[in-house]
Amino acid sequence: MMKDKALEELFLAQRPQFDDKDEFMARLTQKLDAVEYLRQYEEANLRRYKYAMLAVFVAGIVVGGALLAFVLSTPSQLPLLTFHASSGILLAIEQYSRTVATIVLSLIMGFGIISIVSNILDIAQMKASTEPASRCR
């Protein structure tokens, strides 16, 4: 609302001279072409971002599913990591390696999903900000 008032005041303050109609029309056409080029450029960028997000989402699901399948398909008696330690923290990690791997994998997948959703919302916000005001009403 404030931007509309500011733009209206800016346009009302301008008193263009229309001495040469052909020159004015040529400049106006050139400026409108530049605006159209920028609009198409922004739309192309948004399309690329959407495709990139879709590709990352699919790749994340495939890789996460494969890793989870690997963790669950190994025998439960065998640890995922072996350090051949007899005591200490390495022995604890070795004994609970399946649980640790599952927790870490779940955290990474959760973080990935949250960041993808955040990026999609950012893209939607960018698209909404590039649309002309007449489309938003």
Output all residues satisfying side-chain hydrogen bond (donor to acceptor under 3.5 Å, both in side chains) with Gln30, sequence neighbours left out; order by chain, then residue number.
none
By side-chain hydrogen bond (donor to acceptor under 3.5 Å, both in side chains) - contacts of Gln125 (at least two apart):
none
ILVMFWY cluster, Ile114 and Ile61 together (side-chain gap under 4.5 Å)
no
Find the distance between CE (Met109) and CG (Leu67) and round it off to the nearest 0.5 Å.
8.5 Å
Please tell me if the side chains of Arg39 and Glu36 come closer than 4.5 Å, counting only heavy atoms from C-beta onward.
yes
Only pairs under 3.5 Å count here: list side-chain donor-acceptor contacts from residues 96-108, not counting sequence neighbours, and write none if there are none.
from, atom 1, to, atom 2, distance (Å)
Ser97, OG, Leu80, N, 2.8
Ser97, OG, Glu94, O, 3.3
Arg98, NH1, Val71, O, 3.1
Arg98, NH1, Thr74, O, 3.4
Arg98, NH1, Thr74, OG1, 2.4
Arg98, NH2, Val71, O, 2.9
Arg98, NH2, Thr74, O, 3.4
Thr102, OG1, Arg98, O, 2.8
Ser106, OG, Thr102, O, 2.9

Sequence neighbours left out, cut at 3.5 Å: what donor-acceptor pairs do the side chains of residues 45-60 make with other protein atoms?
from, atom 1, to, atom 2, distance (Å)
Asn45, OD1, Arg48, NH2, 2.2

